[in-house]
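Position 1 is the first residue of the sequence; numbering continues from there.
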Amino acid sequence: VFKNKKENTQPSSHKQQNNGGPAHTQGLQAKVVEDFRRRLKYFFMNPCEKYKARGRKPWKLMLQILKIAIITVQLVSFGLSNEMMVTFKDENLMTFRHLFLKGYKDHRVGSYALYTKDDVYDHIYYIINTYTNLQNLTVGNLAYEMVDGEYTALSVCQEFYRNSSIDPGNETFDINPHIEKDCISIYPMQSFDNSSALLTHINFILDFKRLLSVSVNLTLKTINLQTVRHHELPDCYDFHIMITFDNRAHSGKIKVDVKNDVRIYECRDWNVEGTSDENDYLLLSFDSVVILACFASLILCTRSVVNGIQLQFEFNTFFHAYYNKIVSWSDRMEFVNGWYILIIVSDTLTIAGSALKIGIQTKYLTNYDVCSILLGTATMLVWVGVIRYLGFFKKYNILILTLRAAFPNVIRFCCCAAMIYLGYCFCGWIVLGPHHDKFRTLDKVTECLFSLINGDDMYATFLKMRDNSYMVWLFSRLYLYSFISLFIYMVLSLFIALITDTYETIKHHQQEKVPVSQLQAFIAECRDQPESGRYQTDEDSASCCVSPCCCFG
């Protein structure tokens with residue numbers, strides 16, 4: 001039932017002369033409403049129903065299925081190549097630790113440290129001597145870097161306070177906190193018999209009272225030959241290695257660490273017998289097909305989103321004109337298909353990632369990490385989008401409806417719970433940080449508490465606090481027991497109850513077939529089935545003229 005907002009004050013004879021009178025006007029209005037209702041129902045049909053209604057082939061559906069296949073194949077291919085690169089980098093880093101750190105025995109990262117002056121000098125000498133005799137020591141294909149026909153030097157740099165006078169015995173100190181840096185260079189092919197000869201040659205002396213750090217920097221080159229077995233062109237690598245001796249804490253413990261920065265590029269002169277560039281061309285062609293498929297999908301989905309937004313404005317104007325009602329925001333958002341937004345984001349990431357992958361294969365780019373993030377995220381979104389097609393079946397659709405209906409309440413609930421969680425994080429960081437490794441930094445606190453929520457490593461967390469003072473021990477018990485009880489027994493239970501309540505509501509509406517919104521109630525009045533043939537009309541002619549003068553003849 002709808003209301004006519006215009007009052008007709010013309011004589012009855014004149015009304016009869018005007019297009020057949022009131023009966024004809026009401027019939028025209030009913031037809032307009034029914035056509036618009038049918039148009040809305042067609043818009044919310046799934047691809048199979050649209051095919052039955054108008055015979056239109058589901059091109060977007062077929063394109064999405066094709067995308068799932070080719071994007072997955074592309075990701076697997078890139079993943080295998082990326083795996084070889086990462087393995088090569090990690091194994092070389094481990095090689096550098098064993099080569100340049102004296103007595104290294106696969107220590108845990110960050111645990112390798114020195115405690116005496118002789119050990120520091122001895123290790124620096126060991127690094128320099130290993131570097132100058134590298135070709136006679138290593139089993140790998142390592143070589144020195146050359147610039148303009150000359151080898152690049154190994155540099156040893158020390159950072160120290162400009163001036164300091166420290167006497168712990170008299171409890172006095174005088175220090176200038178300005179930091180100075182002093183570097184020396186050692187070129188390859190030089191050799192020193194012992195550390196004394198080295199110190200005499202380079203005049204390298206450390207003032208440990210003022211010393212902040214010593215860094216040894218060197219560059220080595222190598223080639224990743226393992227890719228030949230997978231029909232890929234080997235890459236050339238530059239490893240910029242930095243070995244640091246950290247004495248900033250001045251605690252008597254100098255921590256030693258090895259880091260490397262890698263540059264990957266195409267080798268200048270190469271030849272692989274029995275191979276051709278055919279494999280490279282096939283990979284580039286396949287990546288181009290992926291880009292074209294995603295670009296076509298991007299255009300189709302963007303067009304569908306635009307059509308949905310236009311139809312939403314028409315429905316809003318229509319409801320206001322015929323029923324004098326304002327459409328709710330939730331009903332208006334029904335016209336914006338979130339799955340299409342997901343596909344648009346996925347297509348954009350895939351196109352960008354495929355372009356980077358082409359650049360990596362052609363050796364113009366070497367940013368594997370960015371390419372991995374783009375392609376990995378895109379593939380994840382593509383596979384998540386498969387849930388949409390499962391939603392075409394009624395037994396699977398309840399999962400999608402529950403997730404969509406519960407999402408706003410879940411976000412609000414998580415925001416409230418996050419306030420309590422952050423409070424515990426800051427408290428644990430300040431109070432327990434000095435006494436427990438898992439609370440030493442703020443990011444470690446968040447990880448530790450999240451692990452406790454999921455029941456991970458509880459006993460070890462409690463056990464570590466037993467050796468502390470009674471006051472700290474008592475506080476840690478109150479802190480941990482209250483946090484675990486609050487989040488596991490209350491917050492998580494309420495979170496599950498929130499999802500369960502939404503599920504039961506959706507299930508009840510599906511069983512009773514009760515419309516849950518104005519939009520659904522309006523569309524439900526259209527009883528035409530997709531096979532009825534009533535949808536075989538021009539979509540433009542079925543659109544409603546939303547201005548009052550047009551709606552009422």
Derivation and outcome, side chain to side chain contact (heavy atoms under 4.5 Å, CB included), residues E83 and L80 | CA-CA 5 Å; E83 180 182 352; L80 294 175; 4.1 Å; yes
Going through the checks in order, is the side chain to side chain contact (heavy atoms under 4.5 Å, CB included) test met by V290 and C294?
-> CA-CA 6 Å; V290 173; C294 291; 4.2 Å; yes
Begin from the C-alpha positions of T441 and D443 and carry the test side chain to side chain donor-acceptor pair (under 3.5 Å) through to its verdict.
-> CA-CA 6 Å; T441 60; D443 60 327; 2.5 Å; yes
Test side chain to side chain contact (heavy atoms under 4.5 Å, CB included) applied to F439 and L449, step by step = CA-CA 9 Å; F439 295 85; L449 294 184; 4.2 Å; yes
Can you list the steps and then say if C301 with I341 is a side chain to side chain contact (heavy atoms under 4.5 Å, CB included)?
-> CA-CA 8 Å; C301 292; I341 303 296; over 6 Å; no
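Rounding to the nearest 0.5 Å places OG1 of T379 at 4.0 Å from CG of L75. Annotation: the span from K259 atom NZ to M242 atom CE amounts to 8.0 Å, rounded to 0.5 Å. From I264, atom CD1 reaches atom CZ of F239 across 8.0 Å, with rounding to the nearest 0.5 Å. One finds the SG atom of C236 at 7.0 Å from the NZ atom of K221 (value rounded to the nearest 0.5 Å). Interatomic distance, C448 SG to I453 CD1, rounded to the nearest 0.5 Å: 10.5 Å. Separation of atoms CG (L374) and CD1 (I351) is listed at 11.5 Å; rounding is to 0.5 Å.
K357 and C371 make their closest contact through N-SG, 3.7 Å (heavy atoms, listed as atom of the first residue, atom of the second, distance). Contact between S354 and L375 at its shortest, heavy atoms only, is N-CD2, 3.8 Å. Y421 and F450 make their closest contact through OH-N, 3.2 Å (heavy atoms, listed as atom of the first residue, atom of the second, distance). The minimum heavy-atom distance linking V258 with R97 is given by the pair O-NH2, 3.7 Å. Shown here for T446 and C425, the closest heavy-atom pair between the two residues is CG2-SG, 3.6 Å.
A distance-only check finds no donor-acceptor pair linking the side chain of N316 to the backbone of Q312 [under 3.5 Å]. A donor-acceptor pair under 3.5 Å is absent between the side-chain atoms of T138 and the main chain of L134, judged by distance alone. A donor-acceptor contact shorter than 3.5 Å links the side chain of N337 to the backbone of W339. With hydrogens and angles disregarded, a donor-acceptor distance shorter than 3.5 Å links the side chain of S346 to the backbone of A378. N307 contributes a side-chain N or O that, together with a main-chain N or O of R303, makes up a donor-acceptor pair within less than 3.5 Å. With hydrogens and angles ignored, the 3.5 Å screen pairs a side-chain donor or acceptor of T317 with a backbone N or O of F313. A donor-acceptor pair under 3.5 Å is absent between the side-chain atoms of S81 and the main chain of S77, judged by distance alone.
The shortest distance between side-chain heavy atoms of I68 and W383 falls below 4.5 Å. A heavy-atom distance below 4.5 Å is not found between the side chains of T502 and V410. Between F335 and E314 there is no side-chain heavy-atom pair separated by less than 4.5 Å.
A side-chain contact (heavy atoms from CB on, under 4.5 Å) with F96 is found for exactly one of I243, L142, L101, namely L142. A side-chain contact (heavy atoms from CB on, under 4.5 Å) with L298 holds for exactly one of T350, V345, I344; it is I344.
Note on ring orientation: taking the six-membered ring where Trp is involved, the planes of F413 and F495 are tilted (angle from 30° to 60°). The aromatic rings of Y104 and Y112 sit tilted, their planes meeting at an angle between 30° and 60°.
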